[in-house]
Every structure is written in structure tokens, then in C-alpha cells.
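See structure below.
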Amino acid sequence: MFFADPEETPASENSTVNRGHCLAKWKIPRDIKDLPRCTAFDEATGIAVVGTHSGRLLVADAGNWVPPPVPNWERGSDSARECPDDSSSELDSGHIHPSPKRWPRIGSNPALFMPKDLPKSEYPDQLAPGWFTELEKWYPFANHPNYYGSIPWMVQEVAGIPSGSQCILFSSSDINYEFGSNTALIELDLAVGNGSKLLALQWSGEDPLDFWLYQLRSEATKEMVIQKVKEGRSLGLFLERQPWSRNPLYIGQLASWADQHLGLE
């Protein structure tokens, strides 16, 4: 991350032209496997904050940082506008403060990747063999819009669908090995694509990146799908042929997050 004087900064009388002068330079420590999502910088204090996709907040104080000398250059030179490549001038990890304790818990939530260990005596009634409606019993954060890796996150960020969403029916082989199908029926707040408000999320259960979102056909209603599931019919009968496209940027970020928090490659 670089903070530099803007090019418009004029040279006052008896002063050095500031254009291209590097004010601060620091990077996320190598031992933190994470990817930045947004940044903020307070000019008055020199405090820089980076929010990461795992939920961490990294805070660095650039106010005490001593920049390297301004290089000699002729006005208009492109090379002078670059920050000096001097690794010794970077803020090291000792200047980057850890996040509050609540952030790592948000970053480490298992979403749909690891179900809560629930005794069978506490299982809710099955809609059909292997099918349940109470998602929160096993996955407390999966329907929460503010949690990374949740269903609303997959819908809005990965699929790029600008709508609220929640899972209303699901089946997982981690819960019922014999009948689980690793499928979740999702209801959107808004109709998209072919006019349907229903999506199906399907995942392998082995790789956190191996999941796909399908829109259901426009004629399929929620009541119709639930009735067919009760009859033992496959949800695949209602799916469009092609899955919804996924944003590769967020898939890469999910890979880094899963490797760090779930111990998965």
C-alpha cells in the first residue's frame, strides 16, 4: 500500500515539488494469508486500516514512519512518480496491530462447510429422508447476510445477484450420509434471470470451491418443489441447464479464506 502526494500539489516558493513523493509504504505481513477488501486512511493521524475478506482489520500507524529521501528528478519524469523500492523503509509487522477478538470469530465461521455437531435426539423432523428446513440447527451462520461464506454472500458476491436471500430447504451428506444430496433450496427477495425467485446451491462436500448455483425454471414454485421432494423426486428436475456464472475474484478469495480458517486446500 502506498500513500503519496497528489500530482496536483503545486510547488510553493522555496519548497520542493511534492509530486510523486512517497509518504508511506507498508504491506500485509507474509504470515497473514489474507486478501484486502477495502482500505481507509486518516490524513490527520497517519492511521491506515485495511479490511480483509476473512474479517480481520489490520491497523498501521504511518505517522512515525520516516520515508526515504526524495530522489532527484526533473519535473515531468515518469520514474520520479514511483515510490522508492526500498524494502527497509516498509512498515514491518510489528507496526500492524491485531484485530479485535470478535473479527476472527466472524472470519472463522464455518458457513456451509462444517456442520455443528448436533445429537440425533435434537434433530428436527425431516421433510423427506435427508431433507430439513431448519438450516440454523447445523449451520448457525449460513443464512446470515454479514458472514463471509454464507448463502447471502454466495448469492450477492459470487453470483452477483443484487437480492437478499435465505435457504428454506436443504440436504447434506454430512448430516445424513445415506440420503443427503448436498443441495440447498434458496429463496430470493427479487425475481432474476428467467423470472424465478428460487435458486439451488449444490456442493461436493469435499472442496469448498466445488459449488454451483442454478436457477430453477420459471414454472417451478416453492410449494411445487417441496411437494416433489416429499415424493422423493430429485430437485435436479427443476434446474436450468447452465449454472449461474461465478465471479473468479471471489472464488480466489474464498480459496485463501478456506485455506486459512478451515485447513483445506
Side-chain angles (χ1 to χ4, degrees), residues 109-145 147-159 161 163-189 191-194 196-246 251 254 257-258 261-262 264:
N109 91 84
L112 276 177
F113 303 117
M114 293 182 182
K116 181 181 177 183
D117 187 11
L118 191 69
K120 288 191 176 181
S121 60
E122 298 182 19
Y123 279 24
D125 293 335
Q126 298 182 83
L127 183 71
W131 286 90
F132 300 90
T133 57
E134 298 181 46
L135 181 73
E136 289 79 9
K137 286 280 187 178
W138 289 276
Y139 305 98
F141 307 105
N143 267 333
H144 199 295
Y147 278 69
Y148 191 78
S150 66
I151 284 177
W153 175 85
M154 291 180 181
V155 170
Q156 294 190 11
E157 304 292 349
V158 177
I161 299 174
S163 172
S165 61
Q166 65 173 340
C167 173
I168 58 176
L169 181 66
F170 80 102
S171 177
S172 171
S173 60
D174 286 331
I175 297 171
N176 188 319
Y177 180 77
E178 184 178 2
F179 296 106
S181 63
N182 291 343
T183 302
L185 180 64
I186 300 169
E187 185 174 30
L188 304 175
D189 294 342
V192 297
N194 62 15
S196 174
K197 289 185 177 182
L198 298 176
L199 299 176
L201 172 68
Q202 296 187 330
W203 67 96
S204 69
E206 299 177 357
D207 185 343
L209 305 183
D210 189 12
F211 68 89
W212 301 94
L213 280 165
Y214 292 86
Q215 187 168 30
L216 272 64
R217 296 174 181 171
S218 57
E219 64 270 17
T221 65
K222 178 172 61 176
E223 294 74 20
M224 181 191 302
V225 172
I226 290 176
Q227 182 58 39
K228 294 301 182 182
V229 167
K230 288 181 178 179
E231 296 172 1
R233 305 290 293 275
S234 170
L235 199 64
L237 298 172
F238 302 99
L239 306 185
E240 294 285 4
R241 288 179 175 270
Q242 297 297 323
W244 203 276
S245 61
R246 307 187 305 175
I251 293 298
L254 181 63
W257 176 83
H261 295 290
L262 305 178
L264 302 173

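On a predicted model such as this, the values are computed, not experimentally measured, just so you know. Residues: numbered from 1 along the sequence shown.
- To the nearest 0.5 Å, the span separating CD1 on I251 from CE on M154 amounts to 8.5 Å.
- Rounded to the nearest 0.5 Å, atoms OG (S171) and CG (L235) are 10.0 Å apart.
- Residues satisfying the salt bridge (charged side-chain N to carboxylate O under 4.0 Å, His left out) test with E231, not counting sequence neighbours, are K228.
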Exercise for review: Report the C-alpha separation of L213 and I186 in whole Å, then their side-chain angles, then the decisive distance to 0.1 Å, and conclude whether the side-chain contact (heavy atoms from CB on, under 4.5 Å) test is met.
Suggested key: CA-CA 10 Å; L213 280 165; I186 300 169; 3.9 Å; yes
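- Contacts of Y214 classified as ring pair (Phe, Tyr, Trp, His ring centres under 6.0 Å), with partners at least two apart in sequence or in another chain: none.
- Here the CG atom belonging to L188 is positioned 7.5 Å from the CG atom belonging to L198, to the nearest 0.5 angstrom.
- Nearest approach of I175 to P115, heavy atoms of both residues: CG1-CB, 4.5 Å.
- Across all non-hydrogen atoms, the minimal contact from S172 to Y139 is OG-OH, 3.3 Å.
- Shown here are the side-chain hydrogen bond (donor to acceptor under 3.5 Å, both in side chains) partners of N194, two or more places apart in sequence or in another chain: Q215, E240.
- A donor atom on one side chain and an acceptor atom on the other are found under 3.5 Å apart for S173 and N182.
- One N or O on the side chain of S163 and one on the backbone of D189 form a donor-acceptor pair closer than 3.5 Å.
- Judged as a side chain to side chain contact (heavy atoms under 4.5 Å, CB included), and not counting sequence neighbours, the contacts of A184 are C167, F170, L201, W203.
- Considering only residues two or more places apart in sequence or on other chains, K137 meets the salt bridge (charged side-chain N to carboxylate O under 4.0 Å, His left out) condition with none of them.
- Residue pairs meeting the side chain to side chain donor-acceptor pair (under 3.5 Å) criterion with at least one member in residues 112-131: none, sequence neighbours excluded.
- Here the side chains of Q202 and L239 are in contact, with some heavy-atom distance below 4.5 Å.
- Taking the ring centre of F238 as origin, the terminal cationic atom of R233 falls outside the region bounded by 6.0 Å and 45° from the ring axis.
- The backbone N or O of A159 sits less than 3.5 Å from a side-chain atom of W244, completing a donor-acceptor pair.
- Partners of S196 under the side-chain hydrogen bond (donor to acceptor under 3.5 Å, both in side chains) rule, at least two apart in sequence or in another chain, do not exist in this structure.
- Screening L185, V155, I151 for a side chain to side chain contact (heavy atoms under 4.5 Å, CB included) involving L199 leaves a single residue, V155.
- Atom CG of L127 and atom CD of Q227 lie 9.0 Å apart (nearest 0.5 Å).
- For Q242, there are no side chain to side chain contact (heavy atoms under 4.5 Å, CB included) partners two or more places apart in sequence or in a different chain.
- Applying the salt bridge (Lys or Arg N to Asp or Glu O under 4.0 Å) rule to pairs touching residues 212-227 yields E187-K222, sequence neighbours excluded.
- Shown here are the side-chain hydrogen bond (donor to acceptor under 3.5 Å, both in side chains) partners of S218, two or more places apart in sequence or in another chain: there are none.
- Take Q166 and apply the side-chain hydrogen bond (donor to acceptor under 3.5 Å, both in side chains) test, not counting sequence neighbours, and it matches no residue.
- Expressed to the nearest 0.5 Å, how far CG of L169 lies from CG of L135 amounts to 10.0 Å.
- S150 and H144 get closest at one heavy-atom pair: OG-O, 2.9 Å.
- Between T133 and I226 the shortest side-chain heavy-atom distance does not fall below 4.5 Å.
- Between F211 and V158, some side-chain heavy-atom pair lies under the 4.5 Å cut-off.
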